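What follows is a short report on a single structure.
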Amino acid sequence: MNLDFFKIVPSIPFILSGIWVTLLFVLVSAVLGFIIGTILSLFKISNVKGLRWFADAYTSIFRGTPLILQLMIIYFATPQLIGYNIPAFLAGILAFGLNSGAYISEIIRAGIQAVDKGQREAAEALAIPYKPMMKDIILPQALKNILPALLNEFITLTKESAIVSTIGFLDIMRRAQVVSANTYTAFEPLLFAGLIYYVLVMSLTVLGRYVERRLRRSE
């Protein structure tokens, strides 16, 4: 076995700087996914058949096709259609946000339906309009119930964010690949990148468990 981790020591700061890039990418994608997921979840519980059909079709498409395919279509095929070369960061945000929105919509829908029906019936009895009823009464209770599931989705996004390295975005994975090419080593930089991802995911997992415990105490 011919391993030499000292070869990548000068490049460690370069790889580590990818942590903030990756976290920023995941955070923006999660926010976009949350906005899309909230809208879709409201469509799914709507009385309007067309909105329910659209939300179900959207979820079916984005959950039924590989994320890397969606990323490739947005990054490589979109310029062919509209004549605009979309930046790697923006393409990644759109692909991950649109994909995550499909999963988050199911989480939020389940959270809304888990809220006691009496809450909604009481609001309707008090003649509270639909919009303030959802914004001030139903959604806050639903979000409290689904917060651990949302954190799990954030953890999943963090792991899957390595896919954006395939379109040249300089995240942790891409930086490890660059170091690998410059130092003619493969195992060492990739193992180091794997260690960073593991620490990130474990840190987010601990945070998720802490939030879950706090929520249980508040109940």
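On a predicted model such as this, the values are computed, not experimentally measured, just so you know.
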List the steps, then state whether side-chain contact (heavy atoms from CB on, under 4.5 Å) holds for T22 with V164. CA-CA 10 Å; T22 299; V164 291; over 6 Å; no
So, using side-chain contact (heavy atoms from CB on, under 4.5 Å) as the criterion, who are the partners of K135 when residues are at least two apart? none
Please list, chain by chain and in numerical order, all residues satisfying side-chain contact (heavy atoms from CB on, under 4.5 Å) with P13, sequence neighbours excluded. none
Would you compute the distance between atom [atom1] of [X] and atom [atom2] of [Y] and round it to the nearest 0.5 angstrom?
X	Y	atom1	atom2	result
E188	S11	CD	OG	11.5 Å
L98	L71	CG	CG	11.0 Å
K44	E106	NZ	CD	3.5 Å
I112	L42	CD1	CG	5.0 Å
I12	F5	CD1	CZ	10.0 Å
D4	T185	CG	OG1	8.5 Å

Could you tell me whether [X] atom [atom1] has more than 12 heavy atoms of other residues or ligands within 6.0 Å of it?
X	atom1	result
Y198	OH	no
Y210	OH	no
R52	CZ	yes

Would you confirm whether [X], through its side chain, and [Y], through its main-chain N or O, come within 3.5 Å as a donor-acceptor pair?
X	Y	answer
T78	Y75	no
T183	V179	yes
E153	A149	no
Q70	N99	no

Shared hydrophobic cluster, [X] / [Y] (ILVMFWY, side-chain heavy atoms < 4.5 Å):
X	Y	value
V26	L195	no
I167	L157	yes
Y103	I163	no
F89	I68	yes
L139	L126	yes

Are side-chain N/O atoms of S17 and R175 paired as donor and acceptor at under 3.5 Å? yes
Of all heavy-atom pairs between [X] and [Y], which one has the smallest distance, and what is that distance?
X	Y	answer
I108	S41	CG2-OG, 3.3 Å
T158	Y197	O-CE2, 3.8 Å
T59	S105	OG1-OG, 3.6 Å
G168	R174	CA-NE, 3.9 Å
S46	L51	OG-CD1, 3.8 Å
I74	P79	O-CD, 4.0 Å

Answer whether the closest heavy-atom distance between the side chains of [X] and [Y] falls below 4.5 Å.
X	Y	result
L94	I86	yes
V48	F54	no
I36	I104	no
L170	V21	no
L16	F192	yes
K159	L200	no
F62	S100	no
K49	W53	no

Could you please spell out the steps behind the side-chain contact (heavy atoms from CB on, under 4.5 Å) verdict for V199 and S203? CA-CA 6 Å; V199 172; S203 300; 4.1 Å; yes
How would you list, by chain and number, every residue that makes a ring pair (Phe, Tyr, Trp, His ring centres under 6.0 Å) with F25, sequence neighbours excluded? F96, F169
List the steps and the verdict of side-chain contact (heavy atoms from CB on, under 4.5 Å) for I172 and W20. CA-CA 9 Å; I172 298 170; W20 309 114; over 6 Å; no
In sequence, state the C-alpha distance, the side-chain angles, and the governing distance for M72 and T166, and then conclude on side-chain contact (heavy atoms from CB on, under 4.5 Å). CA-CA 9 Å; M72 293 295 176; T166 59; 3.6 Å; yes
